[in-house]
Peer 1: 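Sharing a structure below in structure tokens format, with a few things to ask.
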Amino acid sequence: MVLRVYDTKTRKKRVFKSLESGKVGMYVCGITPYSKSHLGHARCYLSFDVVHRWLEYRGYEVNYVQNFTDIDDKIITVSIAENVDYTLISQRNIDEFFEVMDKMNVLRADHYPRVTQTIPEIIEMISELVKRGNAYSSKDGVYFEIDSAPEKYGQLTGQTLEMVRAGAGGRVVDTGSGKKNHRDFALWKLAKSGEPYWESPWGKGRPGWHIECSAMSLKHFGNQFDIHGGGHDLRFPHHEAEIFQSECCTGVEPVVNYWMHNGFVNINGEKMSKSLGNFWTVRDTFEKYSPLELRYALLSIPYRSPIDLTPEFLEDAAKHHQKLISAYVDSFSNEIQVDIDLASCGKSFESAMDDDFNSRGAIIEVQKVISSNRGLGVEDWLEKYAGCILGLLPSKDELLDESKRNRMAREGIAEIVEEFLVERDKARKNKDWDRADDIRDELKKMGISIEDGEDGTSWKIG
RNA sequence: GCACGAGUGGCAGAGUAGCUAUGCAAUGGACUGCAGAUCCAUGGACCCGGGUGCAAAUCCCGGCUCGUGCUCCA
């Protein structure tokens, strides 16, 4: 079996081969913590969490690095608006990020470097770029000079220098910045009064938006690494800027072997955005769906496709996830021979994942196993595939806790429920169906659902 | 406007020429007083228009629609 990965740069799926045998260096652009994590973040880090898990399953030792851009214009804006230090804003949102990602079973990366803790490396990198003639200092900062390496332009988007100039049209006017060319981008921005700053050879200021990722990946991986991931929108300018910075600084290319970009989240067919008023934070969504139900929903579409979250779609996902849990619990005590070919389901699951991490195809196999008689082997199968790889199962401890809580809740009301059931049973024996159905409705109102079976009537909460 | 990506049954999604996946939902039937669960069965699609092929969802041309980006005071 061969793992194939879609690479944005070559625009095709390529057989995955790591630079160093058995090891993978993976860098995923992290958040700029100026507000609460939203569903777009959830999708991105969930997608790469599955990539992370699958690579490990395939035997790679993965070094996963994800940064925090913890100083940036937007953070400064929020800190001014709230009149608190910018570090409070970023820390608050980083805490929030970890909390919601943990709940969704996102495994931690190996390193979470922050811009504010990488300033010396960033300054060193900018100095090198200046020395090599790829960057220049001007009145308001240091800029990367695109014309120093024009052949690198458009590697991820296919655009040429001329196209961008034409497309930018009337918007490209003199902005009063010190850029020689409007396509140049900032490496170091000099601080305006009142803004946070660090000392540098070019004066007090802060890093530009793109340089941190280059400096951090260089620090953690050296001149080249295997996978660079991020949201689709980061291809340009952010990731193209990284190519400029890293490759010009080290003289080694390509800096990245596989560029991976996840698709976006739409809400009811519309782009999720603050201005449309359909901007969902992860925490908002938790009020309606459990973290793992949300995880199920977001993984049920391949990571590169746009995902349209509609109420129907989310309800379905939640339902399927609940079914998964009950199948898992059922499988604990089931001693019967399983009625499907688990090995072949596992094989199909693995082929789907090997085909550019197709979690949709993988989930289809999970659904097949759930629909089986949940016999011998299902527990292990689900733990391995739905649990370890897709991360969709809560831990057994949690499940046991929950069933304990359920049991206690059951004990609390068992007596009264049993009374109802005895009465209903009597009614049924007398073929008084109206009475029997009334009792069922009554119980439903109390939050008890019942099911008639061969061995009498069973009931559960919910 | 330019670039890149995408348009397959109710939803999701495989599929680079012939055997028309798969999952969920739906429908019919079985079983149940009914409901639920389960089992069996079934229908249903390839954005539009041309072209090349014995044969096209799959190749070519044109068009339409949608998404993202086009440099950080969008």
Side-chain angles (χ1 to χ4, degrees), chain A residues 6 8-9 11 32 69 72-74 77 141 143-144 146 153-173 175-177 179 181-186 189 208-210 231-241 244 261-266 269-275 297 300-302 304-308 310 312-313 315-317 319-320 323 326 330 339 345 348 351-352 355 358-374 427-434 436-437 440-441 444 449-454 457-460:
Chain A
Y6 183 89
T8 308
K9 190 164 132 186
R11 280 177 234 126
T32 299
T69 303
D72 146 285
D73 294 5
K74 293 195 197 87
T77 306
Y143 291 94
F144 188 95
I146 295 289
Y153 213 83
Q155 291 193 32
L156 298 180
T157 49
Q159 302 179 105
T160 65
L161 289 168
E162 291 68 29
M163 283 166 180
V164 173
R165 181 188 288 136
R171 283 187 290 125
V172 178
V173 290
T175 57
S177 84
K179 289 182 185 180
N181 185 315
H182 74 267
R183 288 162 300 177
D184 295 346
F185 57 86
K189 300 166 88 154
W209 173 33
H210 316 295
H232 203 250
D233 57 334
L234 296 180
R235 286 179 312 152
F236 189 92
H238 186 58
H239 288 161
E240 290 207 2
F244 277 114
H261 294 98
N262 67 276
F264 266 55
V265 175
N266 297 329
E270 284 181 314
K271 180 186 170 184
M272 183 176 82
S273 76
K274 282 182 177 163
S275 54
S300 43
I301 305 288
R304 283 191 291 131
S305 311
I307 187 169
D308 188 18
T310 58
E312 191 192 18
F313 181 82
E315 286 300 332
D316 275 0
K319 211 167 72 188
H320 291 144
K323 213 171 150 188
S326 59
D330 282 354
D339 61 353
C345 291
S348 301
S351 329
D355 181 13
N358 183 354
S359 52
R360 168 80 242 172
I363 282 181
I364 285 177
E365 297 307 316
V366 172
Q367 286 176 337
K368 282 188 199 167
V369 173
I370 290 172
S371 312
S372 75
N373 65 357
R374 305 170 182 185
R428 291 180 74 209
K429 284 209 173 91
N430 296 330
K431 297 199 190 302
D432 184 357
W433 308 126
D434 287 345
D437 292 347
R440 180 162 59 196
D441 291 345
K444 189 82 201 166
S449 52
I450 63 175
E451 205 172 294
D452 296 324
E454 283 176 26
T457 304
S458 64
W459 60 278
K460 64 177 184 188

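Because only heavy atoms are used, hydrogens play no part in the values below, and waters and symmetry mates are left out as well, while side chains stay in. Chain naming here is simple, since letters A, B, ... match the order of the sequence lines and numbering starts at 1 in each. Computed from a prediction, not measured in an experiment: that's the story for all the values here.
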Peer 1: Say we look at U38(B) and C46(B): how far apart would their C1' atoms be, to the nearest angstrom?
Peer 2: 34 Å

Peer 1: Among the nucleotides G13(B), C72(B), A25(B), which one has an atom lying closest to any side-chain atom of Pro302(A)?
Peer 2: G13(B)

Peer 1: Would you call Ile363(A) and His320(A) a side-chain contact if the rule is heavy atoms closer than 4.5 Å?
Peer 2: no

Peer 1: For Lys368(A), which contact category applies under a 4.0 Å heavy-atom criterion: base, sugar-phosphate, or nothing?
Peer 2: sugar-phosphate

Peer 1: Taking atom P in both G15(B) and A3(B), what distance in whole Å separates the two?
Peer 2: 27 Å

Peer 1: Quick check for you: among G13(B), C72(B), U68(B), whose closest atom lies nearest to any side-chain atom of Asp233(A)?
Peer 2: U68(B)

Peer 1: Not counting sequence neighbours, which residues clear side chain to side chain contact (heavy atoms under 4.5 Å, CB included) with Asn373(A)? List them please.
Peer 2: Ile336(A), Val338(A), Asp339(A)

Peer 1: Pairing check on C39(B): which nucleotide meets the Watson-Crick or G-U wobble criteria with it, both distances under 3.5 Å?
Peer 2: G29(B)

Peer 1: Applying a 4.0 Å non-hydrogen cut-off, can you work out what Thr310(A) is touching in the nucleic acid: base, sugar-phosphate, or nothing?
Peer 2: nothing

Peer 1: Quick one: look up who C34(B) pairs with, Watson-Crick or G-U, both distances under 3.5 Å, and put none if it's unpaired.
Peer 2: none

Peer 1: Any idea how Phe264(A) and His232(A) line up, ring-wise: parallel (<30°), tilted (30 to 60°), or perpendicular (>60°)?
Peer 2: perpendicular

Peer 1: If G67(B) has a Watson-Crick or G-U wobble mate with both distances under 3.5 Å, name it; if not, just say none.
Peer 2: C4(B)

Peer 1: Considering only nitrogen or oxygen atoms on both sides, find all protein atoms under 3.5 Å from nucleotides 4-11 of chain B and state each distance.
Peer 2:
| unit_1 | atom_1 | unit_2 | atom_2 | d |
| --- | --- | --- | --- | --- |
| C4(B) | O2' | Arg235(A) | NH1 | 3.4 |

Peer 1: Strictly by Watson-Crick or wobble contacts shorter than 3.5 Å, is anything paired with G10(B), and which nucleotide is it?
Peer 2: C24(B)

Peer 1: Indicate whether OP1 or OP2 belonging to U71(B) is found under 4.0 Å from a side-chain N or O atom of Lys189(A).
Peer 2: no

Peer 1: What residues form a side chain to side chain contact (heavy atoms under 4.5 Å, CB included) with Lys189(A), not counting sequence neighbours?
Peer 2: Asp73(A), Ala186(A), Arg206(A)

Peer 1: Mind telling me whether Phe236(A) and Tyr153(A) have parallel, tilted or perpendicular rings, with 30° and 60° as the class edges?
Peer 2: perpendicular

Peer 1: With sequence neighbours excluded, what pairs up with Thr310(A) under the side chain to side chain contact (heavy atoms under 4.5 Å, CB included) test?
Peer 2: Asn268(A), Asp308(A), Glu312(A), Phe313(A)

Peer 1: Do the side chains of Asp437(A) and Arg440(A) get close enough for a salt bridge, i.e. N-O under 4.0 angstrom?
Peer 2: yes

Peer 1: What integer distance in Å separates Tyr143(A):OH from U71(B):C1'?
Peer 2: 11 Å

Peer 1: List the residues meeting salt bridge (charged side-chain N to carboxylate O under 4.0 Å, His left out) with Asp184(A), not counting sequence neighbours, and say none if there are none.
Peer 2: none

Peer 1: Provide the distance between the two P atoms, one in A21(B) and one in A45(B), to the nearest whole Å.
Peer 2: 12 Å

Peer 1: For the P atoms, the ones on G69(B) and on C61(B), what distance do you get once it is rounded to whole angstrom?
Peer 2: 28 Å

Peer 1: Hunt down the Watson-Crick or G-U wobble partner of A17(B), both distances under 3.5 Å, from any strand shown, or write none.
Peer 2: none

Peer 1: With the 90 degree cut-off around zero defining syn, does G49(B) come out syn or anti?
Peer 2: anti

Peer 1: Output all residues satisfying side chain to side chain contact (heavy atoms under 4.5 Å, CB included) with Ser348(A), sequence neighbours left out; order by chain, then residue number.
Peer 2: Glu365(A)

Peer 1: Quote, to the nearest angstrom, the C1' distance that separates U65(B) from C48(B).
Peer 2: 10 Å

Peer 1: Taking atom P in both A6(B) and C60(B), compute the distance separating them and give it to the nearest angstrom.
Peer 2: 13 Å

Peer 1: Decide, applying a 5.5 Å centre-distance limit and a 30° plane-angle limit (both strict), whether Phe236(A) stacks on G69(B).
Peer 2: no

Peer 1: Under 4.0 Å, heavy atoms only, any strand: does His320(A) hit a base, just the sugar-phosphate, or nothing?
Peer 2: sugar-phosphate

Peer 1: With a 3.5 angstrom cut-off on both distances, give the Watson-Crick or G-U wobble partner of C72(B), or none if there isn't one.
Peer 2: none

Peer 1: I'd like the P distance from U16(B) over to U71(B), given in whole Å.
Peer 2: 37 Å

Peer 1: Both distances under 3.5 Å, Watson-Crick or G-U wobble: report the partner of G53(B), or none.
Peer 2: none

Peer 1: May I ask you to say what Ala352(A) touches in the nucleic acid, namely base, sugar-phosphate or nothing, with a heavy-atom cut-off under 4.0 Å?
Peer 2: nothing

Peer 1: When the P atoms of G7(B) and U58(B) are considered, how many whole Å apart are they?
Peer 2: 12 Å

Peer 1: What's the closest nucleotide to the Phe185(A) side chain, out of A25(B), G13(B), U71(B)?
Peer 2: U71(B)

Peer 1: Taking only residues two or more places apart in sequence or in another chain, which ones pass ring pair (Phe, Tyr, Trp, His ring centres under 6.0 Å) with His238(A)?
Peer 2: Trp209(A), His210(A)

Peer 1: With the sugar-phosphate defined as primed atoms, P, OP1 and OP2, and the base as all remaining atoms, what B/S/- string results for nucleotides 34-41 of chain B, 5' to 3', for protein heavy atoms under 4.0 Å?
Peer 2: BBB--S--

Peer 1: List in chain and number order the residues that pass salt bridge (charged side-chain N to carboxylate O under 4.0 Å, His left out) with Arg235(A), two or more places apart in sequence or in another chain; answer none if no residue qualifies.
Peer 2: none

